[in-house]
Participant: 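Pasting in a structure now, in structure tokens, and then I'll have a few things to ask.
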2 protein chains.
Amino acid sequence: MGISERKEREKQQRRTEIVNAAEKVFFTQGFKTATMDQVAEEAELSKGTLYLYFKSKEELHFAINMRAGDIMYEYFSKAIHTNQNGLENTRNIGMAYIEFVKYNPKYFESIMHFQIKNVDDFISGSEYFKEHKKKNPLKLFIGVIEEGIKDGSIRSDIKPEIISHTLWAMATGVFQHMSSKKLHMMKHDTDKEIDPEEYLQSFFQIIRNGISHEK
Amino acid sequence: MGISERKEREKQQRRTEIVNAAEKVFFTQGFKTATMDQVAEEAELSKGTLYLYFKSKEELHFAINMRAGDIMYEYFSKAIHTNQNGLENTRNIGMAYIEFVKYNPKYFESIMHFQIKNVDDFISGSEYFKEHKKKNPLKLFIGVIEEGIKDGSIRSDIKPEIISHTLWAMATGVFQHMSSKKLHMMKHDTDKEIDPEEYLQSFFQIIRNGISHEK
DNA sequence: ACATTATATGACCCTTAGTTATTTTTTATT
DNA sequence: AATAAAAAATAACTAAGGGTCATATAATGT
């Protein structure tokens with residue numbers, strides 16, 4: 001009896017359509033000012049139906065955040081090259097992160113939004129999110145660090161999970177800082193007090209060598 | 001005619017009282033769930049009066065954020081010792097930042113909240129905020145870095161403003177990451193996957209030496 | 001004593017997230 | 001094919017809270 005399977009598929013489909021609509025509305029209007037009625041209109045559904053699929057506006061936002069994670073994961077996967085060592089691949093991931101932020105500023109905004117919050121409640125509260133946990137960019141990154149420790153390109157005195165978490169947080173902090181200061185990582189607004197190009201270079205340099213003078 | 005001066009003082013006083021009340025309410029209820037009526041009640045004023053002093057709930061929140069900046073500034077000032085070099089003082093500031101987050105988690109939350117947003121509109125929109133710009137922790141930090149470059153303890157190939165901005169963003173990213181994951185920098189919750197102690201140590205080590213294996 | 005200005009009030013408006021009684025559509029049963 | 005049962009969708013409704021405004025009170029100036 002393939003009916004329940006088909007129904008499940010259709011349910012998934014609706015969910016996706018709703019997230020599509022929400023994305024459009026949230027990204028153009030901004031999450032705070034966007035209304036659920038607007039999302040309903042865009043999705044060509046009634047507002048009540050939205051709440052059949054998502055518990056709240058925030059949960060709908062979180063669904064977009066999950067997408068952001070997936071897209072970031074794709075950027076990272078493509079950036080990792082098996083013929084390069086761990087340190088090189090760390091830089092590759094860094095560059096991939098930059099590209100992601102550059103071309104998906106709205107998705108990054110969503111990531112920033114949930115960076116602050118404790119997200120566990122969302123995930124544990126919804127079956128959909130629980131099984132979606134797979135594509136974790138951070139996990140990918142931990143792998144690269146482990147690789148780097150093995151091949152000798154990355155220091156071995158700190159646990160790989162700790163290194164990757166730290167670098168991850170650092171990178172997010174830097175991009176956040178840039179993004180909130182509207183240093184768009186784009187060429188055309190160099191008339192700011194901080195040159196984004198220089199800023200990023202500094203980030204990479206510090207990561208590599210630390211701030212100590214001694215070589 | 002000292003009347004206008006006294007009136008200005010009283011106005012300032014009211015403002016402060018309102019911020020006190022808002023702080024109490026926001027910090028106990030959380031900013032989102034707290035209501036302006038609650039703040040009015042706490043301040044023993046009518047809601048309308050609040051809007052005579054602050055344009056919006058968000059601006060009131062921002063006033064708290066300014067306080068957070070002041071308090072952080074105090075932590076930093078006390079941490080800097082003129083008999084130590086720039087690199088040592090950088091670490092001192094790092095430790096001070098940790099202390100600040102540890103003992104003022106709510107203020108730090110406020111800082112995180114505005115870290116994401118573009119804050120320029122707030123400042124330019126209010127005379128009060130414009131003149132309050134003085135106590136900037138970041139400025140203090142830039143001075144320390146400059147000192148470090150002069151005394152030879154910090155690398156000189158990156159501009160001091162860039163270094164400090166980068167480290168600043170990195171640190172904020174790390175503390176944010178810890179805070180959102182509820183790794184409270186406190187001893188008593190070590191049963192997490194990441195040990196906060198280890199995390200912070202890693203942060204300092206990476207800052208010092210970079211991730212490269214070569215010494 | 002009176003006029004004028006500054007400050008404070010609280011009832012009111014309006015938007016919007018979320019709910020629920022009702023209807024429509026789909027599936028199962030006879 | 002007709003009907004019962006279940007699932008999905010609707011739209012009118014509610015509640016809450018941010019922000020406003022006509023009105024009142026207090027302080028200052030003349």
Side-chain angles (χ1 to χ4, degrees), chain A residues 1-23 25-26 28-64 113 117 121-122 125-128, chain B residues 1-22 24-26 28-64 113 117 121-122 125-128:
Chain A
M1 204 186 268
I3 282 179
S4 64
E5 280 87 339
R6 198 206 68 218
K7 278 215 155 187
E8 185 52 39
R9 255 198 339 268
E10 284 175 347
K11 222 166 161 180
Q12 242 347 320
Q13 176 67 17
R14 264 280 140 83
R15 250 183 101 83
T16 309
E17 283 167 15
I18 291 171
V19 178
N20 289 344
E23 206 173 280
V25 175
F26 289 174
T28 50
Q29 302 263 331
F31 172 71
K32 262 209 98 175
T33 49
T35 73
M36 289 300 266
D37 292 274
Q38 285 175 303
V39 175
E41 165 112 36
E42 178 68 40
E44 290 172 316
L45 289 167
S46 76
K47 186 164 65 162
T49 307
L50 301 186
Y51 284 91
L52 251 46
Y53 289 85
F54 296 91
K55 280 199 199 71
S56 65
K57 189 186 176 187
E58 189 75 5
E59 192 178 296
L60 192 43
H61 194 187
F62 186 68
I64 294 172
H113 182 255
K117 326 226 153 151
D121 307 336
F122 277 111
S126 165
E127 285 308 313
Y128 287 100
Chain B
M1 199 185 270
I3 281 178
S4 64
E5 279 88 339
R6 199 205 70 219
K7 279 215 152 186
E8 183 55 37
R9 256 199 340 267
E10 284 175 349
K11 221 167 161 179
Q12 245 343 322
Q13 177 66 17
R14 262 282 139 80
R15 250 184 99 83
T16 308
E17 283 167 15
I18 292 172
V19 178
N20 289 344
K24 222 180 230 172
V25 175
F26 289 174
T28 51
Q29 302 264 330
F31 173 71
K32 260 208 102 176
T33 48
T35 73
M36 288 302 266
D37 292 273
Q38 286 175 300
V39 176
E41 166 112 36
E42 178 69 38
E44 291 172 315
L45 289 167
S46 74
K47 186 163 66 164
T49 307
L50 301 186
Y51 284 92
L52 250 45
Y53 289 85
F54 295 92
K55 282 203 198 71
S56 65
K57 190 186 177 187
E58 188 77 5
E59 191 178 296
L60 193 43
H61 194 187
F62 186 67
I64 294 171
H113 182 254
K117 323 226 155 153
D121 307 335
F122 277 110
S126 164
E127 284 308 313
Y128 287 98

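Chain A is the first sequence line, chain B the second, and so forth, proteins listed ahead of strands; every chain is numbered from 1.
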Participant: Is the base of D:dG19 touched by the side chain of B:K47 through a donor-acceptor pair closer than 3.5 angstrom?
Facilitator: yes
Participant: Under 4.0 Å between a side-chain N or O of A:R6 and OP1 or OP2 of C:dT26?
Facilitator: no
Participant: Find the distance B:Q13:CD to C:dA6:P and express it as a whole number of Å.
Facilitator: 21 Å
Participant: Just to be sure I understand the rule, does B:L52 reach a base, reach only the sugar-phosphate, or reach nothing, if contact means heavy atoms closer than 4.0 Å?
Facilitator: base
Participant: Rounded to whole Å, how long is the line connecting atom CD of B:E44 with atom C1' of C:dT9?
Facilitator: 15 Å
Participant: Which of these nucleotides, C:dT26, D:dG18, C:dA6, is closest to any side-chain atom of B:T35?
Facilitator: D:dG18
Participant: Would you mind reading off the distance between A:E17 atom CD and D:dA8 atom P, rounded to a whole angstrom?
Facilitator: 15 Å
Participant: Rounded to the nearest angstrom, tell me the gap between atom CG in A:D37 and atom P in D:dA9.
Facilitator: 18 Å
Participant: 5'-most contact on DNA chain D: B:F31 or B:E10, nearest heavy atom basis?
Facilitator: B:F31
Participant: Looking across every strand, which nucleic acid part, if any, lies under 4.0 Å from B:A34 by heavy atom: base, sugar-phosphate, or nothing?
Facilitator: sugar-phosphate
Participant: What's the closest nucleotide to the B:K7 side chain, out of C:dT7, C:dA17, D:dG19?
Facilitator: C:dT7
Participant: So A:F122 and A:F62, would you call those rings parallel, tilted or perpendicular, with 30° and 60° as cut-offs?
Facilitator: parallel
Participant: Mind checking if B:F54 touches a base, just sugar-phosphate, or nothing, with heavy atoms under 4.0 Å?
Facilitator: nothing
Participant: Separation of A:Y51 atom OH from D:dA8 atom P, in whole Å?
Facilitator: 20 Å
Participant: Within this structure, what is the NZ-to-P distance between B:K57 and D:dG19, rounded to whole angstrom?
Facilitator: 8 Å
Participant: Can you tell me how far C1' of C:dT7 sits from CG of B:L45, to the nearest Å?
Facilitator: 11 Å
Participant: Give a yes/no on whether any side-chain N or O of B:T49 is located under 4.0 angstrom from OP1 or OP2 of C:dA8.
Facilitator: no
Participant: If we ignore hydrogens and angles and just use 3.5 Å, is the side chain of B:T49 paired with the main-chain N or O of B:L45 as donor and acceptor?
Facilitator: no
Participant: Less than 3.5 Å apart, any donor N or O on the side chain of B:E17 or B:Q13 sitting next to an acceptor on the other?
Facilitator: yes
Participant: Specify the residue among A:G48 and B:S56 whose closest nucleotide of DNA chain D lies further upstream toward the 5′ end.
Facilitator: A:G48
Participant: Is there a donor-acceptor contact under 3.5 Å linking the side chains of A:K57 and A:H61?
Facilitator: no
Participant: Looking at A:E41 and A:K47, is any side-chain nitrogen of the basic one under 4.0 Å from a carboxylate oxygen of the acidic one?
Facilitator: no
Participant: When the distance from CD of A:Q29 to P of C:dT15 is rounded to whole Å, what number comes out?
Facilitator: 15 Å
